[in-house]
Amino acid sequence: MRGRRPVAPATIRVMTPDSSASLREQVRQAIDAARQRVRAELPAPGEPLDVPSEVERPADPARGDFATTVALKLARPLRRPPLEIAKAIAAQIVTTASDPDSPIASVEVAAPGFLNVRLSDRALAVAAVRILREPQTWGHVVAAHPEHVNVEFVSANPTGPLHIGNARGAFTGDLLCRVLTAAGHKVEREYYFNDFGSQVKNLGASVAAIRCKEEIPEDGYRGDYVYDMARELPASVLEGAERSGEDPAWAIGRWASERVRVGIEASLEHLGCHFDVWRSESTLHNDGWVGKAIEGLRAAGDVYEEDGAVIFRSTRYGDDKDRVILRSTGDAAPTYFAADIGYLVEKFSRGYERIIFIWGEDHHGYVARVKAAAQSLGFDRDHVQMILTAWVRFVRDGKEVAMSKRSGEFITLDELLGEIGVDAARWFFASRAASSGIDFDIELAKKQSSENPVYYVQYAHARIASILRKAEEAGIKPPAGGDAELAGMLAGILRGAPEAELARQIVRLPEVVEDAAASEETHGITTYATELATTFHAFYRDARVVDPDEPERSAARLALVAATKTTLANALGLLGISAPELM
RNA sequence: GCGCCCGUAGCUCAGUGGAUAGAGCGCCAGGUUGCGGACCUGGAGGUCGUGGGUUCGAGUCCCGCCGGGCGCGCCA
C-alpha cells in the first residue's frame, strides 16, 4: 500500500482533544501527520518505511517535553542526512503559532537529527482541567485493541495457608490485572486449585490422625493449622465419612481443603487481591473438558500410544520432548498436564482473547508444552502467555528462611503482612521487574519501613490533603467558572517554574499506564509516583498555596495541587496502595 | 550435558538501539521566625561480569567465555 497517496489537508486539526489519549500519543499523531506531508518531497528510494514514530521523554528535561528519533531512523531508507529529514518534518509540525488548538508550542532540531517538542501551557492546563473534572478515570486510557483477558495466578493447592513464597505471584498477578484494566482491557482474575490429588487425602489423613491421637503419616501435614482443624472437625463430617464406606481420609480431606481454601481467599482479600473465578480441577474432569481436549489433540493427529500410555506429540510444536497425557497404569488416569489442556479448552470456550498465567520461574519448562497444546488445538499460541516470576530469597537477619508445608515450618503471608504492612509489601514487589531475582530481608523491611519510598509518596498525598484543609479554613476556594475559564487561569500560573514543572509531571500518568500495560511491568509506576512526589515537595518549598494576600493565584495553585493529589492517589491506586489523608 | 532467567554505584533495584548510565537506602556537608522536617539542597561513589561482532550510535541486539539461580517425571 506504499503507493497510496497521502491526503494532506491544508490545515490538520491535530488537537481535536482526544482526552482518552495521552499527550504523548497526541504528539505522536502530530508527528505522523507531519511525516505524511513530507513524503512527497522526500521519496523513499526503495526500502519500506515501516519506521514507527516513537515518541519518548528526553533524558534531559531541558530539551523539551518529548523527543523523537524518527529522522535518525529514516536516514537509511531515505538515503538522506538525518538532519535534513528532521528539518523537513519539523517544518510540517503544526504548532500553536499556526493553530492555537495544537498541543505543541515549539519544535527544535538537534544534531544529529533529534526532534525536540515542547508542549503548550494550554495543553497542560486542559489536561489538568480534565483531572479535576473526571478524577475517577484519570490515568485510564482506551486500548487501541481492547481485549478480554483471563489472568490466572497464585493457584496454590489448598493444603495449607499461603506462605511468603506465594506473595510474589499474588502481587504480580493482581498488579498486572489492575494495569491491564486501566489500559482499557476487560480482565478476569482466576484461581485454579486442585481438589483431586492424593495430597488432599494426605491432608485428611493428617487431620484424622491428630483427631484420633495417632501418629501423623510420613507424607502428612503437621502445621499448627492442621491441629486447629483436627480440633474443629465437626462430628458430622467424621460420621458421614464412615457411613459412605470410602476411606474417611478423602471426606475429611475435602472438608479440610475447602476450609483451607476459604482461609486462602480471606488472606488474599486482605492483601487486596480479589479473584473473580475459583475453578477446581475436579470440575474440569466432571464436565468433560479433559476428554474434549484429548479428543481435540487426537483429531489433529498429534496423539500416539507407546508402552500403554497415550502421548501428545508436543515436539511437533517446539517442545523438546513428547508428553504423556494418559498414564500406562491400569486406570489410564489423565496426567496433571492433561487436566491443564482441558482447562485451556475450557478457558477458550469462555471467549477470552488472551489467557495469561503467572507462574514461578521453576515452571518455565512447562511453557513450551502448554503453548504446543494450544497450537495443536487450533488456538493461536501467542494468545496464551506465561509471565514467570523469579525467585524471592526470604532472609531474616542475614539467614535464608526455608519453607516446607509438610513440616509446618514456614512463615505465612498473614504473618509477613502483619509485620511489614500491605502497602509496604505491595510497593516492594511492584517496584521490581518480575524477572529479577530479589532478596527480601524481613527485618530490613521492618526497620526501613518509615523510610520506604511508599511513605514518601503517601506523605506527599497527605501533605496536599492538609493544604486543602488549610485552604478551606482560610476561605480560599478553587476557581469557579467553566472549563475554558479554569484552563485559562491554570495556563496563567504555568508561567511560574514550580507550577510548570508540577503540571508537566502530573500529565504523564496516562503514558505511565500505557507503558506499564505494554511491558506488563509495574515498576514504572513506582518510579513515576516517587518522581511526582519529589516534584510536589519541591513545589511546596517554592510556591505557597494558601496565601490570603493573593487570592486568585492561591485559587489557581489550589486547583493544580488538587489535580496532583488525584494523580498521586490514582498512581497508588493502580498499585492497590492506600492514599491517606492523614499520616 | 541441554534449555530458560539473571549479572549495572557499598546495599536493594530501574534503564522499551539514541543525547552526559539513573533512583531509593546508606555515607558526607548544608537548609525551616510561613500551607505537615515522614521534607528540601549539594557532594562522594560506575572498566554496566568478560572478550569479540552488528550499527551512524550498544547497558540494551548477535556469538563465545566466567559466575549465580531454575528446569529437564506417566509428581503435582
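By convention in this document, chain letters (A, B, ...) are assigned in the order of the sequence lines, proteins followed by strands, and residues within each chain are numbered from 1. Bear in mind the structure is a predicted one, so any value in this text is a computation, not a measurement.
- Between the side chain of Asn452(A) and the base of A38(B), no donor-acceptor pair of N or O atoms lies under 3.5 Å.
- Taking the ring centre of Phe66(A) as origin, the terminal cationic atom of Arg57(A) falls inside the region bounded by 6.0 Å and 45° from the ring axis.
- Both distances falling under 3.5 Å, in either a Watson-Crick or a G-U wobble arrangement, place G30(B) opposite C40(B).
- Here the closest heavy-atom approach between residue Asp195(A) and residue Glu281(A) is recorded as OD1-N, 3.6 Å.
- The aromatic rings of His363(A) and Tyr366(A) sit perpendicular, their planes meeting at an angle over 60°, well past the 30° parallel limit.
- Phe114(A) has its CZ atom 11 Å from the C1' atom of G17(B), to the nearest Å.
- Across Trp427(A), Phe429(A), Phe440(A), a single residue satisfies ring pair (Phe, Tyr, Trp, His ring centres under 6.0 Å) together with Phe171(A), and that is Phe429(A).
- With C40(B), A19(B), G36(B) as the candidates, the nucleotide lying closest to the side chain of Asn116(A) is A19(B).
- Proximity of Lys73(A) to the phosphate of G17(B): no side-chain N or O atom is located under 4.0 Å from OP1 or OP2.
- When the P atom of U16(B) is taken as reference, atom CZ of Arg28(A) falls 20 Å away, rounded to whole Å.
- The distance between atom CD of Glu361(A) and atom P of G68(B), rounded to the nearest whole Å, is 16 Å.
- Heavy atoms of Gly197(A) sit nowhere under 4.0 angstrom from any nucleic acid atom.
- Summarising the geometry of Arg544(A) relative to Val546(A), their closest heavy-atom pair is NE-O, 3.1 Å, with the distance given to 0.1 Å.
- In this entry the distance linking CZ of Phe428(A) with C1' of A23(B) reads 15 Å, nearest Å.
- Across all strands, Asp340(A) comes closer than 4.0 Å to no nucleic acid atom at all (heavy-atom distances).
- Along RNA chain B, the nucleotide closest to Val545(A) and the one closest to Arg323(A) are compared, and the more 5′ of them pairs with Val545(A).
- With a 3.5 Å ceiling on both atom-pair distances, the Watson-Crick or G-U wobble partner of U50(B) is G64(B).
- For U8(B) and G59(B), the C1' atoms lie 7 Å apart once the distance is rounded to whole Å.
- Counting non-hydrogen atoms under 4.0 angstrom, Ser198(A) reaches nothing in the nucleic acid.
- For His363(A), the side-chain atoms get nearest to A76(B) when compared with the rest of C5(B), A19(B), A76(B).
- A side-chain donor-acceptor contact under 3.5 Å links Thr68(A) to the backbone of Glu54(A).
- Counting non-hydrogen atoms under 4.0 angstrom, Thr69(A) reaches a base of the nucleic acid.
- Residue Arg76(A) has a polar side-chain atom (N or O) positioned under 4.0 Å from OP1 or OP2 of C56(B).
- Residue contacts shown for Ala75(A) are absent, as no nucleic acid heavy atom lies under 4.0 Å away.
- Looking at heavy-atom distances under 4.0 Å, Arg541(A) makes contact with sugar-phosphate atoms alone, never a base.
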Salt bridge (charged side-chain N to carboxylate O under 4.0 Å, His left out) evaluation trace for Glu108(A) with Arg63(A): CA-CA 9 Å; Glu108(A) 283 167 23; Arg63(A) 296 198 183 96; over 6 Å; no
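- For Asp515(A), counting side-chain heavy atoms from C-beta on, the closest listed nucleotide (C35(B), G37(B), U16(B)) is U16(B).
- Judged by closest nucleotide on RNA chain B, Pro453(A) is the one of Pro334(A) and Pro453(A) placed further toward the 5' end.
- Counting any heavy atom pair closer than 4.0 Å across all strands shown, Lys321(A) reaches sugar-phosphate atoms only and no base atom.
- At the heavy-atom level, Glu281(A) lies nowhere under 4.0 Å from the strands shown.
- Counting atom types as modelled, His364(A) pairs no side-chain N or O with a base atom of C5(B) as donor and acceptor under 3.5 Å.
- Under a 3.5 Å cut-off, the side chain of Asn157(A) and the backbone N or O of Thr159(A) do not form any donor-acceptor pair.
- Ala543(A) comes within 4.0 angstrom of a nucleotide base, judged by non-hydrogen atoms across all strands.
- With distances taken from any side-chain atom of Asp362(A) to the nucleotides C74(B), C35(B), G71(B), the minimum falls on G71(B).
- Checking C74(B), C13(B), C35(B) against the side-chain heavy atoms of Val324(A) singles out C74(B) as nearest.
- Straight-line distance from the OH atom of Tyr456(A) to the C1' atom of G36(B): 14 Å, rounded to whole Å.
- Within 4.0 Å (heavy atoms only), Asp320(A) reaches no atom of the nucleic acid at all.
- Phosphate proximity of G15(B) to His523(A): present, with a side-chain N or O under 4.0 Å from OP1 or OP2.
- When the nucleotides A76(B), A19(B), G36(B) are ranked by their closest atom to the side chain of Arg463(A), G36(B) comes out on top.
- Across all strands, Leu582(A) comes closer than 4.0 Å to base atoms (heavy-atom distances).
- Interface remark: the Ser328(A) side chain does form a donor-acceptor pair with the C74(B) base, using a distance-only criterion of under 3.5 Å.
- When rounded to the nearest whole Å, the span between CZ of Phe539(A) and C1' of C35(B) equals 11 Å.
- Residue Thr335(A) places no side-chain N or O under 4.0 Å from the OP1 or OP2 atom of A76(B).
- Counting any heavy atom pair closer than 4.0 Å across all strands shown, Ala433(A) reaches sugar-phosphate atoms only and no base atom.
- One atom, CG of Asp441(A), and another, C1' of C25(B), lie 13 Å apart when rounded to the nearest Å.
- In this structure, Tyr540(A) does not pack face-to-face on the six-membered ring of C39(B), missing the 5.5 Å centre cutoff or the 30° plane limit.
- Here A19(B) sits opposite no nucleotide as a Watson-Crick or G-U wobble pair (both hydrogen-bonding atom distances under 3.5 Å).
- With both pairing distances under 3.5 Å, C4(B) is matched to G69(B) as a Watson-Crick or G-U wobble pair.
- Side-chain proximity of Val546(A) to U12(B), C35(B), U20(B): nearest is C35(B).
- For the residue pair Gln29(A)/Glu25(A), the side-chain donor-acceptor check at 3.5 Å is satisfied.
- Between Ser466(A) and the phosphate of G36(B), there is a side-chain N or O to OP1/OP2 separation shorter than 4.0 Å.
- For the pair Asp439(A) CG and G69(B) P, the interatomic distance rounds to 12 Å; values are reported in whole Å.
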